[in-house]
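Taking it in order: structure first as structure tokens, then the write-up.
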Amino acid sequence: MQKRDNSIVMSISSLTEPQRQAATHVDGPALVLAGPGSGKTRVITHRVAYLIEQGIHPFGILAITFTNKAAEEMRNRLRTLQVPRGCTICTFHSLAARLLREFAAEAGLAPNFSIFDSADQKAAMRVSLKACELDAQNFSPGAMLARISNFKNNIETPEQVAEQYNDFYHKKVVRVYAAYQKQLHDNAALDFDDLLMKLALLLRDNSELRNKLNERYRYILVDEYQDTNHSQYQIARGLALSHENMFVTGDPDQSIYGWRGADIGNILAFEEDYPRARVIRLEENFRSTPQVLDVADQLIQANQQRKEKKLFTSRKDGTAPRLIESDNEYEEAREMAEWVKQLHQGGMEYREVAVFYRVNSMSRVLEEALRKAHIPYQIIRGVEFFKRKEIKDMIAYLRLLVNPADQISLKRIINQPSRGIGNTTLGRLFSQSEKTGRDIWYVLNHVDEVGALGGAAKTRVGKFVETIINLQNRLEDSVSEVLKKTYELSGMQAALAGEQNEESAANVEEMINSASQYEQEQENPSLADYLQQIALVSDADAYDEQAGAVSLMTLHAAKGLEFPAVFIVGVEEGLIPHTRSADSDKELEEERRLLFVGITRAEEKLCLSYARNRTVHGVSMATIRSQFLRNLSGLDFQTMETSEDSEDDFDIEPDPYESKGFSPGQLVRHPTFGLGRVSKYVGSHGDDRVTVQFNSGARKTLFLKYAKLEKLSFPR
DNA sequence: GGACTCTTGGTTTTT
DNA sequence: CCAAGAGTCC
């Protein structure tokens with residue numbers, strides 16, 4: 001034990017002064033404003049170790065991380081420091097799921113609730129829209145869910161929303177919101193937002209329970225505090241209400257989740273919320289070369305809505321970051337592979353290189369190029385595996401075993417594999433449920449009472465129910481054992497026996513293997529807990545630093561990671577910043593922060609890249625380089641080949657910065673029709689149309705929304 | 001009930 | 001271009 005104490009003390013003495021201050025802060029609230037690469041993770045780990053060394057019981061410590069991966073990493077680090085186990089380290093969502101199961105009665109929930117993923121949410125929304133007699137054509141399930149998600153993130157119930165708005169649209173939204181919540185309730189299910197909202201409400205309304213949890217978690221740490229939404233803020237606040245031992249770390253410049261309700265105001269107002277708060281700044285960067293840091297700093301300086309912060313490093317000089325221009329995305333991918341190859345020949349390991357992109361769909365071309373160049377790579381997309389049909393089917397069976405009220409899962413697999421229970425039968429079962437007020441599971445168990453059903457159908461349904469009950473009786477077995485039996489008895493195994501289903505079968509096998517790994521690692525493994533864990537996986541969870549491979553991921557997934565070499569593709573208008581974020585300065589600044597996050601992942605080598613043309617929906621379109629590149633000077637601009645588009649009789653420079661309106665006389669370029677002048681402009685609320693007289697003689701009326709019209713101007 | 005074809009539209013980003 | 005959902009036909 002003495003050895004342990006020494007190692008922690010020694011380890012802490014190796015920290016810089018501000019790091020040490022943060023790590024050894026014990027009582028009361030603290031805000032650590034930690035710039036990129038400032039050793040924040042080290043600080044958090046050391047603080048946990050220090051608290052325990054000071055005699056705090058590990059059970060009293062709760063550390064909330066942004067991803068499961070980050071939690072796992074922290075656990076590993078603590079183990080390395082030989083810190084006694086027992087503290088809770090998890091994400092907000094896992095914490096909420098856990099506490100809501102533990103206090104299900106208080107929360108008015110079934111303890112075996114299902115967690116709905118986005119596909120389940122969509123299915124539930126379709127049912128809800130139908131129940132409200134609204135057409136899914138006019139009220140898109142996706143848009144509805146997004147709207148409702150916003151309300152939930154702000155802890156606003158349908159009743160509260162109804163009080164705020166009185167217009168036609170919101171009246172409909174409120175109805176759908178209420179119907180959707182009823183749908184979730186009937187399924188004994190929660191969606192991602194519910195997990196947070198329900199816990200926040202519970203902490204707000206149940207003071208007895210709140211006190212109990214305040215007592216349990218004496219010390220609370222929240223990482224990436226800049227990306228907490230209102231629910232998460234309220235959960236943290238509620239948990240720390242009595243002791244205020246709230247230690248948060250974050251960087252306003254790295255807030256990139258505003259679109260899902262994250263409120264940068266939470267971190268900016270921390271000192272007001274916790275007046276006793278101690279503020280510690282970690283501004284020294286230990287990760288990147290001065291050149292990389294300079295680019296990052298120049299970029300982020302362009303944001304207006306930020307607190308001034310000085311980034312500095314004592315690291316020695318490295319190489320200048322590069323900017324590569326390619327003709328199209330295929331050439332860009334080749335350039336990327338070439339760059340990786342050269343680094344590798346220079347002695348860099350493949351696992352030290354990462355490629356970031358804005359949207360997942362961009363990975364395919366990059367993969368191809370890497371495969372062609374025989375460069376090993378891994379795609380960081382943890383949720384992908386669980387989206388495969390056969391895996392989703394398995395999950396639906398398992399969820400049904402745990403939670404028979406889960407109709408969405410039931411509908412998914414009652415005829416999967418095919419057992420002759422089609423839409424007609426299903427419809428009759430559900431209308432029986434509606435007619436009698438009995439839940440669907442009861443109806444299934446009493447098919448004889450369903451008059452509308454034929455004898456053959458009754459037998460088939462009866463056999464299905466028998467299978468499910470048979471499996472339910474095995475729930476005491478190990479998780480992997482239940483999975484195996486489910487695979488077998490459901491008929492899925494037989495259905496996937498053929499050669500053409502080899503891959504699907506292998507996926508299920510892999511799932512079963514991962515389940516046995518799960519039960520070895522877990523202290524109290526259970527099917528419900530296993531399902532919860534896989535429902536809450538994130539893309540970042542798939543990152544394996546041991547794999548000797550180049551990592552490909554979205555800029556969002558890159559958060560919290562670092563690599564010696566980073567390549568960012570598609571630094572173009574429409575991607576970075578994304579078209580959907582062009583509406584407001586607020587969104588634009590978040591896009592800039594996103595690029596900032598990407599750049600600051602790089603330790604030594606950084607390369608930004610854009611292509612002059614890119615295929616969108618199968619059509620190659622001319623692009624404009626990102627306006628953010630304007631914020632950067634001193635980049636070594638490497639042009640691969642000059643464009644052959646000689647239609648430029650004069651030197652034309654695309655000007656995306658004042659592209660709000662296309663007034664008559666405006667010079668434009670269209671990817672297929674070429675150069676032209678706007679002769680007429682008709683604005684009609686999002687469906688703006690322009691009539692363009694093209695140089696080719698053609699005269700076209702185009703929807704601004706769809707036509708990739710490029711606004712041109714003469715050089716000043 | 002199930003397989004097949006046609007239509008539509010386009011999710012940034014993720015728990 | 002491609003995936004998902006709706007519609008159609010056996």
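Values below: all heavy atoms of this structure, side chains included; hydrogens, waters and symmetry mates excluded. By convention in this document, chain letters (A, B, ...) are assigned in the order of the sequence lines, proteins followed by strands, and residues within each chain are numbered from 1. Since the model is a prediction, treat every value here as computed from it, not as a measurement.
Going from atom CG of A:L195 over to atom C1' of B:dT14 covers 14 Å, rounded to whole Å. One can place NZ of A:K122 at 11 Å from P of B:dT11, the figure rounded to the nearest angstrom. Across the protein-nucleic acid pair, A:D539 atom CG and B:dT12 atom P stand 15 Å apart, rounded to whole Å. Between the CZ atom of A:R364 and the P atom of C:dC1 there is a distance of 11 Å, rounded to whole Å. Rounded to whole angstrom, the span from the CG atom of A:L129 across to the C1' atom of C:dG5 amounts to 15 Å. Between the P atom of B:dT14 and the NZ atom of A:K559 lies a distance of 12 Å, rounded to the nearest Å. Distance A:F356 CZ to B:dT13 P: 17 Å, rounded to the nearest Å. If you measure from atom NE2 of A:H578 to atom C1' of B:dG10, you get 10 Å, rounded to the nearest angstrom.
Legend: residues meeting side chain to side chain donor-acceptor pair (under 3.5 Å) with A:D544, ordered by chain and number and at least two apart, are absent.
Not one side-chain nitrogen or oxygen of A:N360 sits closer than 4.0 Å to the OP1 or OP2 atom of B:dT12. The phosphate of B:dT13 has neither OP1 nor OP2 within less than 4.0 Å of any side-chain N or O from A:R580. Look at A:T554 and you'll find a side-chain N or O under 4.0 angstrom from OP1 or OP2 of B:dT14.
For the P atoms, the distance linking C:dA4 with B:dT13 amounts to 14 Å, nearest Å.
Between A:Y177 and A:F151, the two ring planes are parallel [angle under 30°; tilted spans 30° to 60°].
Within 4.0 Å of A:T425, counting heavy atoms only, lie sugar-phosphate atoms of the nucleic acid but no base atom.
A salt bridge is absent between A:E329 and A:R612: the closest approach of a Lys/Arg side-chain nitrogen to an acidic carboxylate oxygen does not fall below 4.0 angstrom.
A donor-acceptor contact under 3.5 angstrom links the side-chain atoms of A:R358 to the base of B:dT13.
Checking A:T228, A:T67, A:T249 one by one against A:D223, the side chain to side chain donor-acceptor pair (under 3.5 Å) holds for a single residue, A:T249.
The aromatic ring centres of A:Y357 and A:Y610 sit 6.0 Å or more apart. Here A:Y233 and A:F92 keep their ring centres 6.0 angstrom or further from each other.
Applying the side-chain hydrogen bond (donor to acceptor under 3.5 Å, both in side chains) test to residues at least two apart or on different chains, the pairs with a partner in residues 111-126 of chain A are A:S114-A:N403, A:S114-A:D406, A:D117-A:K392, A:D120-A:R399, A:Q121-A:Y180, A:Q121-A:D191.
Both thresholds, 5.5 Å between centres and 30° between ring planes, are not jointly met by A:Y257 relative to the base of B:dT14, so the two rings are not stacked.
Of all the residues in residues 408-424 of chain A, A:N415, A:S418, A:G420, A:G422, A:N423, A:T424 reach under 4.0 Å from DNA chain B with at least one non-hydrogen atom.
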